[in-house]
K.L.:
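Please see the structure below; I have some questions.
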Amino acid sequence: MGECAVSRSRPVAEGERGNPLLKSLTPLIVDAGIPVALYYVLSDGFGFSTMAALGWSSVVPALRTVWDLVMSRSVNGLALLMLAVNAVGLALSAVAGDPRLMMAKDSGVSSVVGIAILLSVRTKRPLMTAGLKPWVTKGSAAGNAAWDRLMAGSERFRRAERRFSAIWGTALLTECVVKVIGAYTVPVHTMVWLGTVLTVVAVLAAMLIAGGSCADPMEKMVKAEVEAEVLVGAEVAVHSGVLTGDPGVARRRTGVVRNDGKMAGQL
């Protein structure tokens with residue numbers, strides 16, 4: 001049901017509160033959970049035909065994608081791709097009038113997005129980086145600067161970035177194959193919830209594997225880079241204080257002590 005639930009993350013402001021896991025799973029709930037519930041409500045509760053129930057329940061993920069694009073006020077290539085593929089799939093399904101084709105349409109979304117993600121791995125900007133970077137840097141200026149330095153000077157960091165997208169692309173393609181087989185072998189009424197289960201499994205597997213092997217190490221590298229930059233700045237400030245003969249210069253430039261006597265911790 002619905003399009004593949006790939007989280008389109010936004011930068012996280014420093015000090016922003018909330019449960020990160022809940023925020024990450026919200027798109028999955030909207031894209032997978034709500035359409036399934038709506039399908040059964042429309043088909044069993046209101047007597048809609050299978051085609052009508054599938055069609056109306058597929059509108060929810062599309063509307064969420066449009067909402068995300070409007071609220072972010074930026075062009076997100078992955079979100080636009082998912083919206084376009086979902087719209088084409090809905091149109092083809094409506095013309096054909098085949099509920100199984102409509103079920104397979106969801107797999108088409110996953111396959112196109114998965115292939116696009118895998119192809120983007122060979123470029124300088126893998127598609128999943130749009131969601132990976134804010135998570136790794138926490139949206140801070142220092143984190144973003146550290147990311148840019150590591151991208152320019154660390155092959156290990158660049159490999160992890162590419163591997164993150166490769167894992168997601170592979171997970172989506174695998175989900176696609178399994179769901180296409182199910183769409184034409186399993187009863188439609190059963191495949192509605194089973195397809196969602198497959199999507200949840202694929203997304204959670206990608207989150208765990210890509211998070212543990214890519215995102216976590218990258219986050220640690222960014223943190224270490226930020227701390228190293230702070231130390232370098234402190235050493236430069238101390239050196240400047242020695243040259244001027246005024247130790248207070250070093251304290252002020254390193255932010256060790258402010259006028260109110262509190263620790264500043266920044267340049």
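Values below: every heavy atom of this structure, side chains too, minus hydrogens, waters and symmetry copies.
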K.L.:
Keeping Thr137 on the side-chain end and Ser140 on the backbone end, is there a donor-acceptor pair under 3.5 Å?
P.N.:
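No, Thr137 side chain to Ser140 backbone: no donor-acceptor pair under 3.5 Å.
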K.L.:
Pair Lys223, Glu219 - check salt bridge (Lys or Arg N to Asp or Glu O under 4.0 Å), show working.
P.N.:
CA-CA 6 Å; Lys223 182 179 179 180; Glu219 186 175 351; over 6 Å; no
K.L.:
Could you pull out the closest heavy-atom pair between Gly153 and Arg158, with the gap in Å?
P.N.:
N-NH1, 3.9 Å
K.L.:
State, to 0.1 Å, how close Trp193 and His189 come at their nearest heavy-atom pair, and which atoms those are.
P.N.:
CD1-O, 3.8 Å
K.L.:
Any side-chain heavy atom of Trp168 within less than 4.5 Å of one from Val203?
P.N.:
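Yes, side chains in contact.
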K.L.:
Identify whether Leu118 and Ile115 are in the same connected component of the hydrophobic contact network (ILVMFWY, side-chain heavy atoms under 4.5 Å).
P.N.:
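Leu118 clusters together with Ile115.
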K.L.:
Looking at side-chain heavy atoms only, is the closest gap between Ser111 and Leu172 below 4.5 Å?
P.N.:
no
K.L.:
Please tell me if the side chains of Ile167 and Ser213 come closer than 4.5 Å, counting only heavy atoms from C-beta onward.
P.N.:
yes
K.L.:
Taking all atoms of both residues into account, what is the closest heavy-atom pair of Gly211 and Pro217, and its distance?
P.N.:
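Heavy atoms of Gly211 and Pro217 come nearest at O-CD, 4.1 Å.
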K.L.:
If we only count heavy atoms from C-beta on, is the Val136 to Phe164 side-chain gap below 4.5 Å?
P.N.:
no
K.L.:
Consider only side-chain heavy atoms of I, L, V, M, F, W and Y, link residues closer than 4.5 Å, and tell whether Val188 and Val197 are in one cluster.
P.N.:
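They do share one cluster, since a chain of ILVMFWY contacts under 4.5 Å joins Val188 to Val197.
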K.L.:
When you measure from the side chain of Thr170 to the backbone of Ala166, do you find a donor-acceptor pair of N or O atoms at a distance under 3.5 Å?
P.N.:
yes
K.L.:
What's the separation between atom OG in Ser154 and atom CZ in Arg159, rounded to the nearest 0.5 Å?
P.N.:
8.0 Å
K.L.:
Apply the test salt bridge (Lys or Arg N to Asp or Glu O under 4.0 Å) to residues Glu155 and Arg162: give CA-CA distance (whole Å), side-chain angles for both, the deciding distance (0.1 Å), then the verdict.
P.N.:
CA-CA 11 Å; Glu155 178 59 29; Arg162 294 193 297 268; 3.0 Å; yes
K.L.:
Only pairs at least two apart or in different chains count here, so list each salt bridge (charged side-chain N to carboxylate O under 4.0 Å, His left out) that has a residue in residues 118-137.
P.N.:
Lys133-Asp148
K.L.:
Where is the tightest heavy-atom contact between Thr196 and Val192, given as atom of each residue plus distance?
P.N.:
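Taking every non-hydrogen atom into account, OG1-O, 3.3 Å.
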K.L.:
Would you call Met128 and Glu161 a side-chain contact if the rule is heavy atoms closer than 4.5 Å?
P.N.:
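Met128 does not reach Glu161 side chain to side chain.
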K.L.:
Hydrophobic clusters here meaning ILVMFWY residues chained together by side-chain heavy-atom distances under 4.5 Å, can you tell me if Leu173 and Val121 are in one?
P.N.:
no
K.L.:
So do Thr199 and Lys179 actually touch side chain to side chain, heavy atoms under 4.5 Å?
P.N.:
yes
K.L.:
Is Val113 reachable from Leu119 through a run of I, L, V, M, F, W or Y residues, each pair having side-chain heavy atoms under 4.5 Å apart?
P.N.:
no
K.L.:
Distance from Leu150 atom CG to Met221 atom CE, nearest 0.5 Å?
P.N.:
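Here the interatomic distance stands at 5.0 Å.
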K.L.:
Looking only at atom types and distance, does a side-chain atom of Ser120 sit under 3.5 Å from a main-chain N or O of Leu127, one as donor and one as acceptor?
P.N.:
yes
K.L.:
Give, for atom SG of Cys176 and atom CG of Leu198, the distance between the pair rounded to the nearest 0.5 Å.
P.N.:
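If we round to the nearest 0.5 Å, Cys176:SG and Leu198:CG are 11.5 Å apart.
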K.L.:
Report yes if some heavy atom in the side chain of Met218 is under 4.5 Å from a heavy atom in the side chain of Leu132; otherwise report no.
P.N.:
yes
K.L.:
Flag the pair Met191 / Arg100 as yes when at least one side-chain heavy-atom distance between them is below 4.5 Å, and no otherwise.
P.N.:
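Sidechains of Arg100 and Met191: no contact.
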